[in-house]
Amino acid sequence: MATEGFVEDGNLEAIISRIEQKSRKIESLLKQSKPVEALKTALEGSPLKTRDERCKSANWIVVHRAIMAIKDVDAMFSYLDPEYYDILMKYLYRGLATGDRPTCDQCLKIHEKLTEKAGLGCILRSLSDTVNTV
Amino acid sequence: MERGWRQEWWIQVDSKGDGFGIQTWPEAFRYPNPDLEKKVKQLELRRGGGEGDIAHGGGGNPSVRAVHHLPCLEPGSIQLNRAALCVQWSPKENKFAVGSGAKIVCICYYEQENNWWVSKLIRKKHNSSVTSVAWHPKNILLATTSTDGKCRVFSTFIKGVDSRESGSSSSSDLKFGEQIAQLDLSYTWSFGVRWSPSGNTLAYAGHNSMIYFIDDVGSSPSAQSVALRDLPLRDILFVSEKMVIGVGFDCNPIIFTADQTGLWSFLKFLDERKTAPSSSKYGSQFSEAFGKLYGQSKPGTNSDTVESSRARGGAHENCISCIVPLRKPGDPVVRRFSTSG
């Protein structure tokens, strides 16, 4: 595995503070009841380029919060642009890997719609993506 | 169509060859492919794409059996400890390239003094198996894809075989085996590299369901990637500068076209198949595999389930692994092509 492109340990603090920033922004968007905007924000910062588990799980907590806030999946897709599909799929698999009942229910629900919309190619791209570590 | 058969297609392209107003239909007859029936992995030595002279050879064996069709090849001139995976004649038919699982590309050529075909190797450049090779029309540059996800372009200039003026001034200055470009667009295996007829555009497929188009590889490369909705491609054919047919795991050739500005996009599936009521909404090998698994879990209805999920009316029922143009020598327009899987 090539390590170039992945940030050094010294930048971990910067990543954590970026995740905290993102978390605050998502909370405020959720308060304004804009769940799709919150999800977009969560997915945007995702090229994490780190293998540090602390960063990854901190980021996952934020994204998880945004995914769980989605109530109407069909409405979400009418606002979500196709460029977010691949990374969303990747987070859905991370969600399914947790084994947590409500998380899996929500992820499966979105997964079904996303596969219908973006096809099997989306799943293949999310599986083969080695740059975005989620 | 079962595995091991070859399907022929006609394609009508209008005079400009820009891919609009095309009509395709599968040929009424199909050919059994004797080599594949013997479960030998197919290798084709293509003589400039001429129809009558496609030579078949065997792969899957440490030495390239295909080369035995050539007279006077130096015994053991291609010594590989892994299978040969792809082979292609150069446009002038004075060289051919063999890509292999041994991370090596052999460039074979005829040596006048000894009356032998000999090979020169491009080694230590690929980090994994070489899945396809493609010659630039000027006969010097060779593009390769490999399972390390990269697409590379090499110079294959051989003294005494290639003359200085045969390539453009820049490409003929390069030494044999020199790497001109390395394209790092796919994060997974890459397959099916091809040059456009003019050699200006290079295209290859990634196993992550993407197809990449690169303009001006030598001087200032600019890349476009097109994400597929469905399963990945295995091989590509340029019909014209503006039109590409891709084949792969969807069992159905796909047409891509470039618009006036050179922007590539998906046009349509080639094989308009009737959708059988029992086929799932994805209509792919993936759902067929599901059908098989489902069939196995219920022994009583086994054959019925498999049969119904297969009745999709398309020419191919398995992954299409190869697409070649069929044309008369000298005819610049591709009117017919053949697919096999």
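Values below: every heavy atom of this structure, side chains too, minus hydrogens, waters and symmetry copies. In what follows, every chain begins at residue 1, and chains take the letters A, B, ... in the order their sequences are listed.
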Q) Should the heavy atoms of other residues, nucleotides or ligands under 6.0 Å from CH2 of B:Trp264 be counted, would the total exceed 12? A) yes
Q: Output the distance between atom CZ (B:Phe249) and atom CG (A:Leu124), rounded to the nearest 0.5 Å.
A: 9.5 Å
Q. By side chain to side chain donor-acceptor pair (under 3.5 Å), which residues pair with A:Arg65, not counting sequence neighbours?
A. A:Glu27
Q: Using a cut-off of 6.0 Å, state whether more than 12 heavy atoms not belonging to B:Lys103 lie near its atom NZ.
A: no
Q | Neighbour count >12 (heavy atoms, 6.0 Å) for atom OH, A:Tyr79 | A | no
Q: Give a yes or no on whether the backbone of A:Cys122 and the side-chain of B:Arg229 come within a donor-acceptor separation of less than 3.5 Å.
A: no
(Q) Can you give me the closest heavy-atom contact between B:Ser209 and A:Gly121, atom names plus distance? (A) OG-CA, 3.6 Å
Q. To the nearest 0.5 Å, what is the distance between CG (A:Leu127) and NE2 (B:His207)?
A. 10.5 Å
Q.
For a side chain to side chain contact (heavy atoms under 4.5 Å, CB included) check, start with the C-alpha distance between A:Asp129 and B:Asn208, then their side-chain angles and the critical distance, and finish with the verdict.
A. CA-CA 8 Å; A:Asp129 176 14; B:Asn208 51 348; over 6 Å; no
Q. For the atom pair OG (B:Ser186) and CZ (A:Arg125), what is the distance rounded to the nearest 0.5 Å?
A. 11.5 Å
